[in-house]
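Down below is the structure, laid out as structure tokens.
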Number of protein chains: 2
Amino acid sequence: MSIRHGLLALLSTGPRYGYQLRGEFEASTGATWPLNIGQVYTTLSRLERDGLVQPGEADDQGRVSYTITPTGREEMTRWFNTPVVHSDRPRDELVIKLAMALAAKETDITQVIRNQRTATMRTLQHLTRAKNTTHGTAQRLVLDSMIFQAEAEQRWLDHCEAILKEET
Amino acid sequence: MSIRHGLLALLSTGPRYGYQLRGEFEASTGATWPLNIGQVYTTLSRLERDGLVQPGEADDQGRVSYTITPTGREEMTRWFNTPVVHSDRPRDELVIKLAMALAAKETDITQVIRNQRTATMRTLQHLTRAKNTTHGTAQRLVLDSMIFQAEAEQRWLDHCEAILKEET
DNA sequence: ACAGCCATGTAACTTGTTACATGATTTT
DNA sequence: AAAATCATGTAACAAGTTACATGGCTGT
């Protein structure tokens with residue numbers, strides 16, 4: 001529900017039309033999560049369906065601005081006040097993959113780990129380089145989060161390799 | 001595509017029926033990601049539709065075992081050999097939330113951070129306790145991954161607070 | 001008799017996502 | 001004139017998820 005709530009939060013400071021919303025969303029998250037413009041419109045329709053936003057009249061250039069409703073504002077506040085918990089999160093594909101490699105007695109599990117480490121290493125390099133071309137605090141924090149996560153992943157991969165070696 | 005590939009990987013060591021698959025999946029991931037039994041059947045149907053598995057005849061107790069096809073085996077190998085990259089991953093709700101709190105000039109952004117830190121702390125305690133009742137390497141590695149991630153999250157939250165204070 | 005587990009399956013829904021169609025305006 | 005950007009929108013689909021219906025078997 002990230003995009004849904006993200007757009008809602010952007011609308012909380014005033015009406016916007018679709019194209020503006022994409023711009024502001026990407027200005028915050030940067031190249032990390034590009035947002036397909038089509039998705040903005042589908043999401044806005046669904047927010048409207050659920051009574052969280054309301055479209056206005058099209059202006060002289062055919063642009064339709066959406067306004068947040070009181071219900072929408074409530075929902076946004078609820079979102080900000082409710083922490084993201086562990087069980088809300090989607091299944092982590094990498095973790096499933098290693099767990100299944102173990103269960104399926106994949107012979108090459110250490111190779112799977114090494115492939116992943118190489119890829120994550122490359123990701124870390126991209127992210128570090130990207131930090132130099134960052135504008136604004138939000139973008140920077142998003143990048144830092146990715147970096148922290150990638151580092152944790154590297155540590156976990158090392159840890160997995162160590163434990164698997166132990167078990168031999 | 002975690003469940004899809006996960007079930008495929010389990011089937012790679014021999015035919016299984018739905019209920020067995022859920023059991024083995026949960027034996028690996030533990031209480032971390034419980035798998036609704038209905039989802040096993042919907043996923044199996046979709047795997048069949050895509051030619052990756054094939055159902056056999058129902059046995060005397062009405063159980064239908066699925067067998068992986070050559071195409072399915074290929075797909076599984078491809079999965080294991082392809083590292084999970086950064087851009088495959090779903091948007092991280094917490095990161096979006098903080099980025100949007102900044103963009104929306106949420107006054108209480110530090111409160112959002114503090115709420116999250118408390119919740120993550122509690123998660124960490126649960127996870128640490130859960131480690132004592134863990135059986136098997138896979139379950140242990142899954143839990144360790146969650147712990148590493150939660151710790152990275154704590155560090156990131158501290159980092160965010162520090163940077164926001166700096167900017168005042 | 002009844003609770004609970006084993007076992008299968010379907011219908012309905014959500015979010016996310018992309019491909020496509022359409023046209024106005026702006027820049028080169 | 002052509003290319004790029006601004007701008008809206010729809011159709012179609014994937015994957016995940018749950019609620020529900022159904023029935024057999026097992027233990028108390």
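Chain A is the first sequence line, chain B the second, and so forth, proteins listed ahead of strands; every chain is numbered from 1.
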Next item on the list: Treating Ile, Leu, Val, Met, Phe, Trp and Tyr as nodes and any side-chain heavy-atom pair under 4.5 angstrom as an edge, say whether A:V85 and B:L157 lie in one connected cluster.
Entry: no

Check: Distance from B:E151 atom CD to A:W156 atom CH2, nearest 0.5 Å?
Finding: 14.5 Å

Notebook entry, point to check: Going by number, which of residues 7-33 of chain A have a non-hydrogen atom under 4.0 Å from DNA chain D?
Noted result: A:Y17, A:G18, A:Y19

Next item on the list: If a protein heavy atom is under 4.0 Å from the base, mark B; if only from the sugar-phosphate, S; if neither, -; do that for nucleotides 14-23 of chain C going 5' to 3'.
Entry: SBBBB-----

Next item on the list: For DNA chain C, find the residues of residues 67-77 of chain B with a heavy-atom distance under 4.0 Å and give them by number; none if there aren't any.
Entry: none

Checklist line | Joint hydrophobic cluster, A:L124 plus B:V84, side-chain heavy atoms closer than 4.5 Å | finding: no

Check: Is there a residue in residues 93-104 of chain A whose heavy atoms reach under 4.0 Å of DNA chain D, and which residues are they?
Finding: none

Tell me which donor-acceptor pairs under 3.5 Å the side chains of residues 9-17 of chain B have, and how far apart each pair is, sequence neighbours excluded?
{"unit_1": "B:S12", "atom_1": "OG", "unit_2": "B:A9", "atom_2": "O", "d": "2.6"}
{"unit_1": "B:T13", "atom_1": "OG1", "unit_2": "B:L10", "atom_2": "O", "d": "3.1"}
{"unit_1": "B:T13", "atom_1": "OG1", "unit_2": "B:R16", "atom_2": "NH2", "d": "2.7"}
{"unit_1": "B:R16", "atom_1": "NH1", "unit_2": "B:L10", "atom_2": "O", "d": "3.3"}
{"unit_1": "B:R16", "atom_1": "NH1", "unit_2": "B:E24", "atom_2": "OE1", "d": "2.6"}
{"unit_1": "B:R16", "atom_1": "NH1", "unit_2": "B:E24", "atom_2": "OE2", "d": "3.2"}
{"unit_1": "B:Y17", "atom_1": "OH", "unit_2": "B:R63", "atom_2": "NH1", "d": "3.0"}

Note to self: Show me the pairs that pass side chain to side chain donor-acceptor pair (under 3.5 Å) and involve residues 110-121 of chain A, at least two apart or across chains.
What the structure shows: A:R114-A:E161, A:Q116-A:T120, A:Q116-A:E153, A:R117-A:D158, A:R117-A:E161, A:T120-A:E153

Next item on the list: Flag the pair A:H159 / B:F148 as yes when at least one side-chain heavy-atom distance between them is below 4.5 Å, and no otherwise.
Entry: yes

Item checked: Single-linkage hydrophobic cluster, 4.5 Å side-chain cutoff, B:I37 and B:L44 together -> yes

Notebook entry, point to check: Between D:dA14 atom P and B:H5 atom NE2, what is the distance in whole Å?
Noted result: 14 Å

Checklist line | Residues which pass side chain to side chain contact (heavy atoms under 4.5 Å, CB included) with B:E48, listed by chain and number, not counting sequence neighbours | finding: B:V53, B:P55, B:Y66

Margin query: Holding to salt bridge (charged side-chain N to carboxylate O under 4.0 Å, His left out), I want the full list of residues that pass it with B:R49, two or more places apart in sequence or in another chain.
Written below: none

Item checked: Interface residues of residues 57-66 of chain B with DNA chain C (non-hydrogen, below 4.0 angstrom) -> B:G62, B:R63, B:V64

Check: Is A:R22 close enough and on-axis enough to A:Y19, meaning under 6.0 Å and within 45°, for cation-pi?
Finding: yes

Checklist line | Cluster overlap B:I163 with B:I109, hydrophobic side-chain contacts below 4.5 Å | finding: yes

Margin query: I'd like to check the salt bridge (charged side-chain N to carboxylate O under 4.0 Å, His left out) partners of A:E75; sequence neighbours left out, ordered by chain and number.
Written below: A:R78

Check: For A:D50, what residues pass the side chain to side chain contact (heavy atoms under 4.5 Å, CB included) criterion, not counting sequence neighbours?
Finding: A:R4, A:L52

Margin query: Test of understanding: with salt bridge (charged side-chain N to carboxylate O under 4.0 Å, His left out), list the residues that count as partners of A:R140, not counting sequence neighbours.
Written below: A:D144

Item checked: Distance in angstrom units between B:L44 CG and C:dT10 C1', rounded -> 14 Å

Note to self: If you apply the rule side chain to side chain contact (heavy atoms under 4.5 Å, CB included), what do you find for A:L98 with A:L102, and how did you get there?
What the structure shows: CA-CA 6 Å; A:L98 284 198; A:L102 256 175; over 6 Å; no

